[in-house]
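Following: one structure in structure tokens, then a few remarks.
Source: prediction; values computed, not measured. Atoms within each ligand, like the ligands themselves, are counted from 1 in listed order.
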Amino acid sequence: MKLELNKKELELFDGDLLVYFLRETGGNAVMCPCKVLRRNIKYAWKNGDFAGKKGETFLFYPAAASKDIKHNLAAGRVLAVGLGKTGEDVQADVLREQIRLAAGTAARQAAALKVKTLLAVLPENTGLSDADLAECISEGLLLGSYRFDRYKNKKKDDEPAVTIEAMALHAEGLDQDAVKQGLHRGERAAKAVCAARDMANEPGNVWTPKRFAEFGEKLAKEHGLECTIINKPEMRKLGMGGLIGVSQGSAQPPKLVVLRYQGSEDKKAPTLMLVGKGLTFDAGGISLKSPQGMEEMKYDMCGGAAVICAMQAIAEEKLKGINVVALIPASENLPSGTALKPGDIITHFGGITSEIVNTDGEGRLILADALAYGIATYKPDAVIDLATLTGAVIVGLGHHRSGLLATDDALATQINAAAERAGEPVWRLPLGPEYSKQIKSTVADIKNSGGKEAGTITAAAYLQEFVGGTPWAHLDIAGTAWGFTEKSYVPKGPSGIGVRTLLNLVRDWQVSKK
Ligand code: BES
Ligand code: MN
Ligand code: ZN
């Protein structure tokens, strides 16, 4: 979908939908630069229909107003969307979210109206910089118009059959260069998020570990990244007992996708390592899951999708001063005659042995190998992993926040800030020896389940065994990767969570360590 900056006069836009974002003022003086709309808004306000509050919309047809008042708009429809209260006294991250939500609402309305062309007028005096404003509007518009319907032959009547073909931003009175910059930032981020949503929406029989490998290779070719695929024979040689064990019940061979982005020639430049769980279907293995909702386990690769799509955006943006290495361990987890069994003992990369007490605790097994291998090979300055790791995080935090666990306070603070900025909030949970004790095994070094209590923390404690002294943070996105908090710019199904948090983090990377 095209999104560009509109340079023509607003009045000349003769497309389907002109969108205004209006702030709540607390009076009937809803701020609005268009005369015709202003008059209509006044009536809407009088009737209690529109006050610029969050989520409110107001649709009117300029042509219909021509009898009693001279209008000069060529647009087919005008949509006013409420922003809520804005201004300098509202915190920037809160404002950013308000803007994204309003733009998402506009995109949804546009889809419902089967609109083909849309022009969005950027509001003035929001309290955000021109670049930030354009970035958030772009994100909201593009993320809000996401759909996945490639497997539908006949479109249902209640579903819009028309897709928006062109969207543009109108930014009169604002710094055009800044707006353009923001627009492109938002566009790159949204494109990466939509790519992650697409991967997750693909069913397990289509999006297999092999597809992660192919996507990585394609990214490498397009953007000059370095891509290495570690296949089963090499995994064996390297002693990656986790990846081998989890995948041995499946006909799909496992892949460990490694992507490297060099943003700096400087030897002292920091290296950030990202790891994402790419479990393309989790049936639980021999510890089989119950059938209700098992189809959702095709989404168990959302951590891997977030990481690989963040790499796409990082490479497109050519971010400087930092090197990023991404690892996506990809596998299926199925029951079969060759599958891993409860009681089996595996040896991870690096030699740590693990007693499998529940084959459904597979995420930590494939992540452990990737973490240990990546740290030994690339010696990163910091490591972040993303995984749909535990059902327990949904019990603890619901679908509104991802769980954050970290061995490094500065890294946790940076991630928290990047996540807030993205509208993808996290909440930190503790680590500690008392939790690590829960995963001690009597027959091996550790075991892959610490029981019901503190399930999210003991899963992280398992990963912690493999990161040594490297600053590390883990995001448990089981509650947010799909079914995330209802938002106008997040559709039902996979949210693409984590992509924009990671991108923000790399954009503002500060070498707080050393
Ligand atoms: N992929 C699941 C976690 C999950 C559950 C994600 C529900 C989203 C929704 C993970 O592999 C899993 O099965 N975890 C187990 C761990 C347990 C066996 C130690 C869990 O959470 O029950
Ligand atoms: Mn599982
Ligand atoms: Zn899983």
#### Entry: Geometric N/O contact Met297 with ligand 1, under 3.5 angstrom
no
### Message
Below 4.0 Å from ligand 1: does a non-hydrogen atom of Ile394 turn up there or not?
### Response
yes
### Task
Decide whether an N or O pair under 3.5 Å exists between Lys289 and ligand 1.
yes
### Protein heavy atom under 4.0 Å of atom 13 (O) of ligand 1
yes
### Query
Taking the six-membered ring for Trp, are Phe349 and Tyr373 parallel (under 30°), tilted (30 to 60°) or perpendicular (over 60°)?
perpendicular
### Task
Would you please classify the geometry between the His474 ring and the Trp472 ring as parallel, tilted or perpendicular, with 30° and 60° separating the classes?
parallel
### Query
What do we get for Lys277 next to ligand 1 when only non-hydrogen atoms under 4.0 Å count, side chain, backbone, both or neither?
side chain
### Message
Strictly under 2.8 Å, how many protein N, O or S atoms lie near the Mn ion (ligand 2)? Waters don't count.
### Response
4
### Task
Taking all non-hydrogen atoms of both residues into account, name the closest pair between Ala315 and His223 and its distance.
CB-CB, 3.7 Å
### Message
Between Lys492 and Glu486, does any side-chain N to carboxylate O distance fall below 4.0 Å?
### Response
no
### Query
Would you say Asn358 has any N or O atom under 3.5 Å from an N or O of ligand 1, going by distance alone?
no
### Task
Go through Tyr146 and Asp198 one step at a time and tell me if the side-chain hydrogen bond (donor to acceptor under 3.5 Å, both in side chains) criterion holds.
CA-CA 9 Å; Tyr146 175 83; Asp198 276 347; 2.6 Å; yes
### Message
Any atom of ligand 1 sitting under 4.0 Å from a heavy atom of Glu296?
### Response
no
### Task
Please indicate whether Lys191 has more than 12 foreign heavy atoms, meaning atoms of other residues, nucleotides or ligands, lying under 6.0 Å from its NZ.
no
### Message
Within a 6.0 Å radius of atom NZ on Lys289, are there more than 12 heavy atoms belonging to other residues, nucleotides or ligands?
### Response
yes
### Query
Is it true that Met301 lies under 4.0 Å from ligand 1, counting heavy atoms only?
no
### Message
Asp360 versus ligand 1: do any nitrogen or oxygen atoms come within less than 3.5 Å of each other?
### Response
yes
### ligand 1 contacted by Trp482 (non-hydrogen, < 4.0 Å)
yes
### Message
Please check this pair: side chain of Asn333 against backbone of Thr359, looking for a donor-acceptor N/O pair closer than 3.5 Å.
### Response
yes
### Task
For ligand 1, indicate whether the residue Asp300 contacts it via side chain, backbone, both or neither (heavy-atom separation under 4.0 Å).
side chain
### Message
Thr388 versus ligand 1: do any nitrogen or oxygen atoms come within less than 3.5 Å of each other?
### Response
yes
### Message
Short of 2.8 Å from the Zn ion (ligand 3), name each protein N/O/S atom, waters not counted.
### Response
Lys277 NZ, Asp282 OD2, Asp300 OD2, Glu362 OE2
